[in-house]
Amino acid sequence: MLASLFGLINVTLVVRRSIWNYPFGLAMVTLYAVVFYRAKLYSDASLQLFFFAIQVYGWVAWSRVRAVAGEVVIGEMSARARIGWAAGTGLAIAVWGGLMHRFTDAAFPWWDAAVAILSVAAQLLMIKRRFESWWVWILVDVLSIGLYAANRLWPTMILYILFLVLAIWGLRQWSRARDVTSQVAV
């Protein structure tokens, strides 16, 4: 429950483009590493280790941008970059899902791999302050709701329903911010 609360605070602050999302994100991923390991969702458990490191990196990166621009500036990917991210993400899901299927007793290895890899892609795009990250988060949330329901992780499933609402809000907010700051170099 505490991890869920920290997650809600974290994402709400991300939507608002506040660098103070990062301390809550660090607490959330630490707690969720334990939750997912116990549920045999090894891809998600491993993902939390990545998220811990990337939260620290993101905190530094967002702080630097805010120091220069006075705010967290939002950007947009080129069509070529979108295709590259989609292809790379699809390949990574296939490889990671195959490894989880073959070498572990993971519950739902392919589904879990898709959630994990898409989460990595979304988080990296978030750190780069690309509004497209919210589209990926929406997909992650939809997939996660089903996965956590199938694993009877009810508080986490409810959290991802709330994350879905926040991701839709984030997409709208960041799209507006991108339109306003489109003249600023990112």
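Excluded from the calculations below are hydrogen atoms, water molecules and symmetry mates; all remaining heavy atoms, backbone and side chain alike, are included. Treat the numbers as computed from the prediction; the structure is a model and nothing was measured.
Side-chain contact between W62 and V65 is absent, with no heavy-atom pair separated by less than 4.5 Å. When side chains are defined from C-beta on, S119 counts as touching F51, because their heavy atoms get closer than 4.5 Å. Residues L153 and L41 meet the side-chain proximity criterion, which asks for heavy atoms closer than 4.5 Å. With a 4.5 Å cut-off on side-chain heavy atoms, R129 and R178 do not count as touching. V29 has its side chain out of reach of F50: every pair of non-hydrogen atoms, C-beta onward, lies at least 4.5 Å apart. Using a 4.5 Å heavy-atom threshold, the side chains of Y160 and L143 count as separate. Side-chain contact between W137 and Q123 is present, with at least one heavy-atom pair separated by less than 4.5 Å. The closest side-chain heavy-atom distance from R16 to W169 is below 4.5 Å.
Residues that satisfy the side chain to side chain donor-acceptor pair (under 3.5 Å) test with R172, not counting sequence neighbours, are absent from this structure. Looking at residues two or more places apart in sequence or on another chain, you find no side chain to side chain donor-acceptor pair (under 3.5 Å) involving Q48. With sequence neighbours excluded, the residues satisfying side chain to side chain donor-acceptor pair (under 3.5 Å) with Y148 are D44. A search for ring-ring contact (aromatic ring centres under 6.0 Å, His included) contacts involving F6 returns nothing, not counting sequence neighbours. Residues satisfying the side chain to side chain donor-acceptor pair (under 3.5 Å) test with Q173, not counting sequence neighbours, are R176.
Closest approach of M77 and E132 over heavy atoms only: N-OE2, 2.8 Å. For D141 against A167, the heavy-atom pair with the smallest separation is OD2-CB, 3.5 Å. Nearest heavy atom pair, residue V115 against residue S144, reads CG1-OG, 3.4 Å. Taking each heavy atom of N151 and A39 in turn, the nearest pair found is OD1-O, 4.1 Å. Nearest approach of P155 to S4, heavy atoms of both residues: O-OG, 3.9 Å. Residues A122 and V136 come closest through the heavy atom pair CB-CG1, 3.6 Å.
In terms of modelled atom types and a separation under 3.5 Å, the side chain of R80 and the main chain of S78 share no donor-acceptor contact. Put simply, the side chain of R17 gets close to the backbone of V72: a donor and an acceptor are under 3.5 Å apart.
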- prompt: For W134 and V14, what are the C-alpha separation, side-chain angles and deciding distance, and is it a side chain to side chain contact (heavy atoms under 4.5 Å, CB included)?
  reply: CA-CA 11 Å; W134 289 109; V14 170; 3.6 Å; yes
- prompt: Please walk me through it: do L8 and L166 pass side chain to side chain contact (heavy atoms under 4.5 Å, CB included)?
  reply: CA-CA 8 Å; L8 286 173; L166 289 171; 4.0 Å; yes
field: Candidate pair Y57 and Q55, rule side chain to side chain contact (heavy atoms under 4.5 Å, CB included), full reasoning
entry: CA-CA 5 Å; Y57 174 76; Q55 291 278 339; over 6 Å; no
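One distance of note links CD1 of I74 with CE of M126; it measures 8.5 Å at 0.5 Å rounding. Within the model, atoms CG of L5 and CG of L159 stand 9.5 Å from one another, a figure rounded to the nearest 0.5 Å. For the atom pair I138 CD1 and L118 CG, the distance stands at 12.5 Å (nearest 0.5 Å). Rounded to the nearest 0.5 angstrom, N10 CG and W20 CH2 are separated by 13.5 Å. Between the CD1 atom of I161 and the OG1 atom of T156 there is a distance of 11.0 Å, given to the nearest 0.5 Å. Considering CD1 of I9 and CG of N21, their distance stands at 11.5 Å, rounded to 0.5 Å.
Listed by first then second residue, pairs satisfying side chain to side chain donor-acceptor pair (under 3.5 Å) with a partner in residues 85-97 read S43-W96, not counting sequence neighbours.
Relative orientation of the F36 and Y32 rings is parallel, given thresholds of 30° and 60° on the angle between their planes.
Y42 and V34 are not part of a single hydrophobic cluster, where members link through side-chain heavy atoms under 4.5 Å apart. Cluster annotation: F131 is connected to I127 through the hydrophobic network of ILVMFWY side chains, with a link wherever side-chain heavy atoms come within less than 4.5 Å. Linking Ile, Leu, Val, Met, Phe, Trp and Tyr residues whenever their side-chain heavy atoms come within less than 4.5 Å leaves M1 and V11 in two separate clusters. Hydrophobic clustering (side-chain heavy atoms under 4.5 Å, transitive across Ile, Leu, Val, Met, Phe, Trp, Tyr) keeps V120 apart from L49. The cluster map of Ile, Leu, Val, Met, Phe, Trp and Tyr, joined by side-chain heavy atoms under 4.5 Å apart, puts V165 and L147 in different clusters.
Side chains of R66 and S63: a donor-acceptor N/O pair is absent below 3.5 angstrom, by distance only.
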